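First comes the structure, then the notes that go with it.
None of the values given here were measured: they were computed from a predicted structure.
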Amino acid sequence: MSSNAALQSDPEPILACTVARDVQKFDLLIEDMETELGEAWGDLSFDDARVFFTQPDAKFMEFVAIAIDEQDETNLAGIADLIETANANGLKVILIAENVSPIALHQLLRLGAREFCPYPLPEGTLHDAIERLRKPEPTGGEIANINTAHPSKHDRNGVIVTVHGLAGGVGATTIATNLAWELATIDDKKPPRVAMLDLDLQFGSVSTYLDLPRREAVYELLSDTASMDAEAFVHALASYQDKMHVLTAPADILPLDFITPEDIERLLEVATSNFDYVVIDMPTTIVNWTETVLNESHVYLAGLELDMRSAQNALRMLRALKSEDLPHQKLRYILNRSPKFTDLTGKSRVKRMAESLDIDIEILMPDGGKQVMQACDHGTPLASAAGKNPLRKELAKLAGSIHQHNVEQAALEAE
């Protein structure tokens, strides 16, 4: 369809438009736009879009979908200007990107793109993004309702699931973030309330993996937990797709002893009182409040890989816990990037590693490959970016196991 004809003479009102160097290279986007809007959309070049966004007719559009690929990175300044022009004229922007570097992507998202969709578009992704844009923005009153929806300690008795990487780079944050999302979306009819706490106060990256802003309210909350209530706690959380709440790491690097065991106790008390599941991403470093989290956790996942440093660190961790008479038996070891089913040599190495450490490696997570890194860089859970990824499937099974055990336990307690 001709862009000028679609935007100027079509009797149907134009509800949206795509903007791309060549929209024909994004054939899946064209199909999804036709599915969502029929003929009520048009396509524009970058130059034409910049002019059209300032016209009166543009104000009637619901959104604009700006599609870019790696070739457009040479025109990053022009695309940034286009997003700013759209925002200045009250237009909501969905950014569609294929093979764009994470640095470029986050630069554009910070400029005000309301939604992001990776390309090729996973099924239903554009539909979900449009539905979120159509929802009215929450007012202060609506935020207050979320904050105080479950203010009493007796309304919830949340399960604490902690993930602690025993070495850097073992994928602990990836596992924690995606496990939290799987728990949040495990039951469509009665979705659990899930909160995720990024307690790596220095280099926590949960906000990056979910493309959420780091909020100043986090620092204010952690600096004065004594006066914290349910409203203050939930106000500091960032909402991800209205299905999960996240306490991001602070905007600035803080010393790990900035918070005390007493602070952690208050934080977990209010979190478990307001949410069904509280997923914690721990720093690799052992701090004075690690013991508190360990004691409070219902499930404590210790992440490692099949290498010497993980084995050595696991041994150090066990010695430290045993020397302080702490519940080392609470640790459930989760091996990331585990050998494939057909890799008999690798499976033998896993067995020898477990025997040498005198532990049970109960959970084996496969290597998800490049899709995992791409999903993290794009700020999207694996379930949305690559639903059939082998790592995502195992994480969904783990979430299902935790949820099923929790439901059965609740049923027993109710009898």
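Residue Met308 holds its CE atom at 6.0 Å from CD of Gln312, rounded to the nearest 0.5 Å. One distance of note links CG of Leu256 with CE of Met282; it measures 9.5 Å at 0.5 Å rounding. Interatomic distance, CE of Met61 versus CZ of Phe52, reported as 4.5 Å (0.5 Å rounding). The CD atom of Glu296 lies 11.0 Å from the CG atom of Leu267; values are rounded to the nearest 0.5 Å. Atom CG of Asn178 is separated from atom CG of Leu382 by 4.5 Å, given to the nearest 0.5 angstrom. Of the inter-residue distances, the one linking Asp32 atom CG with Thr125 atom OG1 reads 8.0 Å to the nearest 0.5 angstrom.
When all heavy atoms of Asp48 and Leu44 are compared, the closest pair comes out as CB-CD2, 4.1 Å. Nearest approach of Lys25 to Gln71, heavy atoms of both residues: NZ-NE2, 4.1 Å. Closest of all the heavy-atom pairs between Phe53 and Leu82 is CE1-CD1, 3.6 Å. Nearest heavy-atom pair, Pro381 versus Leu210, reported as atom, atom and distance to 0.1 Å: CG-CD2, 4.0 Å. When all heavy atoms of Leu29 and Ala67 are compared, the pair lying nearest together is CD2-CB, 3.9 Å. For the residue pair Arg50 and Thr85, the shortest heavy atom distance occurs at O-CG2, 4.1 Å.
Heavy atoms from other residues, nucleotides or ligands lying under 6.0 Å from OH of Tyr219 number 12 at most. Counted within 6.0 Å of CD on Gln329, heavy atoms from surrounding residues, nucleotides or ligands total more than 12; the atom is thus considered enclosed. Around the CZ atom of Arg309, the shell of radius 6.0 Å holds more than 12 heavy atoms that belong to other residues, nucleotides or ligands.
Shown here are the salt bridge (Lys or Arg N to Asp or Glu O under 4.0 Å) partners of Asp252, two or more places apart in sequence or in another chain: there are none. Legend: residues meeting side-chain contact (heavy atoms from CB on, under 4.5 Å) with Pro255, ordered by chain and number and at least two apart, are Asp257, Phe258. Every residue two or more places apart in sequence or in another chain that forms a side-chain contact (heavy atoms from CB on, under 4.5 Å) with Ala314 is listed here: Leu166, Leu304, Leu357. For Ala184, the side-chain contact (heavy atoms from CB on, under 4.5 Å) test picks out Val194, Met244, with sequence neighbours left out. In this structure Glu62 satisfies the salt bridge (Lys or Arg N to Asp or Glu O under 4.0 Å) test together with Arg134, sequence neighbours excluded.
For Asp69 and Arg21, the salt-bridge test passes: some basic side-chain N is under 4.0 Å from an acidic carboxylate O.
Formation of a donor-acceptor pair under 3.5 Å by the Ser338 side chain with backbone atoms of Met365 is found in this model. A donor-acceptor pair under 3.5 Å is absent between the side-chain atoms of Trp41 and the main chain of Ile30, judged by distance alone. Judged by distance alone, the side chain of Arg114 and the main-chain N or O of Arg132 form no donor-acceptor pair under 3.5 Å. Between the Thr177 side chain and the Thr174 main chain, no donor and acceptor come within less than 3.5 Å of each other. With hydrogens and angles ignored, the 3.5 Å screen pairs no side-chain donor or acceptor of His164 with any backbone N or O of Leu301. Remark: side-chain polar atoms of Thr35 are paired, donor with acceptor, to backbone N or O of Glu31 under 3.5 angstrom. Of the possible polar contacts, none joining the Lys347 side chain to the Pro339 backbone as a donor-acceptor pair under 3.5 Å is found. Listed for the Asp276 side chain is a donor-acceptor partner under 3.5 Å among the backbone atoms of Arg193. Under the 3.5 Å distance criterion, the side-chain polar atoms of Asp229 are matched with a main-chain donor or acceptor of Ala232. Of the possible polar contacts, none joining the Asp360 side chain to the Glu362 backbone as a donor-acceptor pair under 3.5 Å is found.
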Please report the C-alpha distance between Phe63 and Leu37 in whole Å, then the side-chain angles of each, then the deciding distance to 0.1 Å, and finally whether the side chain to side chain contact (heavy atoms under 4.5 Å, CB included) criterion is met. CA-CA 11 Å; Phe63 67 90; Leu37 301 169; 3.9 Å; yes

Would Asp307 and Val170 count as a side chain to side chain contact (heavy atoms under 4.5 Å, CB included) here? Give the steps. CA-CA 10 Å; Asp307 57 20; Val170 299; 5.8 Å; no

Please walk me through it: do Glu265 and Trp289 pass side chain to side chain contact (heavy atoms under 4.5 Å, CB included)? CA-CA 9 Å; Glu265 286 180 359; Trp289 41 265; over 6 Å; no

Could you walk me through whether Ile94 and Ile130 pass side chain to side chain contact (heavy atoms under 4.5 Å, CB included), step by step? CA-CA 8 Å; Ile94 298 177; Ile130 294 172; 4.1 Å; yes

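Ring pair Tyr119/Phe26 is perpendicular by interplanar angle, where above 60° counts as perpendicular and below 30° as parallel.
Between Leu179 and Tyr277 there is no side-chain heavy-atom pair separated by less than 4.5 Å. Here the side chains of Val206 and Thr173 are in contact, with some heavy-atom distance below 4.5 Å. Using a 4.5 Å heavy-atom threshold, the side chains of Ile68 and Leu95 count as touching. Residues Leu331 and Met317 meet the side-chain proximity criterion, which asks for heavy atoms closer than 4.5 Å. Counting only heavy atoms from C-beta outward, the side chains of Thr248 and Asp198 never approach each other to under 4.5 Å. Side-chain contact between Tyr240 and Asp211 is absent, with no heavy-atom pair separated by less than 4.5 Å. Within the 4.5 Å cutoff, no side-chain heavy atoms of Tyr300 are placed close to those of Pro327. Counting only heavy atoms from C-beta outward, the side chains of Ile259 and Thr225 never approach each other to under 4.5 Å.
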Name the atoms and distances for all side-chain donor-acceptor pairs under 3.5 Å in residues 392-402, with sequence neighbours left out.
{"unit_1": "Arg392", "atom_1": "NE", "unit_2": "Glu182", "atom_2": "OE2", "d": "2.9"}
{"unit_1": "Arg392", "atom_1": "NH1", "unit_2": "Gly387", "atom_2": "O", "d": "3.3"}
{"unit_1": "Arg392", "atom_1": "NH2", "unit_2": "Glu182", "atom_2": "OE1", "d": "3.2"}
{"unit_1": "Glu394", "atom_1": "OE2", "unit_2": "Lys397", "atom_2": "NZ", "d": "3.3"}

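Side-chain contact, Thr162 with Ser297: a donor N or O sits under 3.5 Å from an acceptor N or O. Asp263 and Thr260 form a side-chain donor-acceptor contact under 3.5 Å, judged by distance and modelled atom types alone.
Each of Ile160, Leu237, Val159, Val270 was checked for a side-chain contact (heavy atoms from CB on, under 4.5 Å) with Phe275, and the lone residue meeting it is Leu237.
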